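Below: one structure, written as structure tokens.
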Amino acid sequence: RYRRSPGGDLAGTRRCCTRRGGPTMKLPTLPAYPQPAHDEALSSWVERIGLFYGCTYDHWLGPVAAQLGAPQSATTTDVDADPRCRDLFIEWTGLAPALVPPILKGARKDLMPPLARLAFCPACWDEDVGAGHQPYIRREWSQWSCVHCRRHQAFLASRATVVDPFRRVLAWLPLWR
């Protein structure tokens, strides 16, 4: 379920989370990371890699945003729609492009904004965990029209953008006004 990069080992893997640099920074190849699922959204896989290294999604995207010359914030970087993000993770992991989740077509009107892509099927996630895998966000759940899981015929639930219980306003709240 976890892949080691060629020549990589698990020793010293936490160092990648704390490195900072400018747009010219060459990111090291990740020594180990969770394998992407065949129907997983790119942002979900990126988040799972960050969790593997003990980082929050915002912190994990800092080096990615810096490499792309973008503001260092998960709220302004649409990992799912930017092919440069996907290319960066192909380079960073050494995975073949066919194995890395594809980008979502960001120009499509049925695609939800990044901070609204929080829907999940509790039954799917229970099955993931029961099979010994990390739960992940499926690409199909990223569309406005998707309100239920086709497999389980159940409504999707939503998770908070931030796990911080003291945060008063969720980042996606303006989308619902």
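For clarity, every value in this text was computed on a predicted model and none was experimentally measured. When reading the values below, keep in mind they use all heavy atoms of this one structure, side chains included, and skip hydrogens, waters and symmetry mates. Throughout, residue positions are numbered sequentially from 1 according to the sequence presented.
Asp80 places a side-chain N or O within donor-acceptor distance of the main-chain N or O of Ser43, the cut-off being under 3.5 Å. At least one donor-acceptor pair under 3.5 Å links the side chain of Arg139 to the backbone N or O of His38. Remark: the backbone N or O of Ala41 is not paired with any side-chain donor or acceptor of Tyr136 at under 3.5 angstrom.
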Carefully, step by step, assess Arg138 and Asp39 under the rule salt bridge (charged side-chain N to carboxylate O under 4.0 Å, His left out). CA-CA 6 Å; Arg138 274 62 168 178; Asp39 58 345; 3.8 Å; yes
Give the intermediate values and the outcome of side chain to side chain contact (heavy atoms under 4.5 Å, CB included) for residues Cys121 and Arg151. CA-CA 9 Å; Cys121 171; Arg151 180 174 176 172; over 6 Å; no
Side chain to side chain contact (heavy atoms under 4.5 Å, CB included) evaluation trace for Leu30 with Ile49: CA-CA 10 Å; Leu30 292 175; Ile49 294 172; 3.8 Å; yes
Trp141 and Ser44: side chain to side chain contact (heavy atoms under 4.5 Å, CB included), yes or no, with the steps? CA-CA 11 Å; Trp141 298 340; Ser44 173; over 6 Å; no
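Atom CG in Leu104 sits 7.5 Å away from atom CG in Asp78 (nearest 0.5 Å). Distance check, rounded to the nearest 0.5 Å: CG of Leu156 to SG of Cys146 gives 5.0 Å. Within the model, atoms CD of Gln35 and CZ of Arg48 stand 9.0 Å from one another, a figure rounded to the nearest 0.5 Å. Here the CZ-CD distance, from Arg150 to Glu140, works out to 4.5 Å after rounding to the nearest 0.5 Å. Going from atom CD1 of Ile90 over to atom CG of Leu95 covers 8.5 Å, rounded to the nearest 0.5 Å. Separation of atoms CD1 (Ile137) and CG (Leu42) is listed at 13.0 Å; rounding is to 0.5 Å.
Between Arg86 and Val100 the shortest heavy-atom distance is NH2-O, 3.0 Å. Closest non-hydrogen pair, Asp82 versus Ile103, comes out as O-CG2, 3.9 Å. Smallest separation of non-hydrogen atoms from Pro83 and Ala81: CD-O, 3.3 Å. Taking both residues in full, the closest heavy atoms of Ala32 and Phe52 are given as O-CE2, 3.6 Å, listed atom of the first, atom of the second, then distance. The two residues Glu40 and Pro101 have their closest heavy-atom pair at O-CB, 3.2 Å.
The shortest distance between side-chain heavy atoms of Cys149 and Cys124 falls below 4.5 Å.
Leu99 and Phe89 fall within the same hydrophobic cluster, defined by Ile, Leu, Val, Met, Phe, Trp and Tyr side-chain heavy atoms under 4.5 Å apart, directly or through other members. Neither Phe120 nor Val46 shares a network with the other; the hydrophobic side chains, linked directly or stepwise wherever heavy atoms of I, L, V, M, F, W or Y lie under 4.5 Å apart, form separate groups for each.
With no hydrogens or angles considered, no side-chain donor-acceptor pair links His133 and Glu127 at under 3.5 Å.
Just one residue in the list Trp60, Trp45, Tyr53 forms a ring-ring contact (aromatic ring centres under 6.0 Å, His included) with Trp92, and that residue is Trp60.
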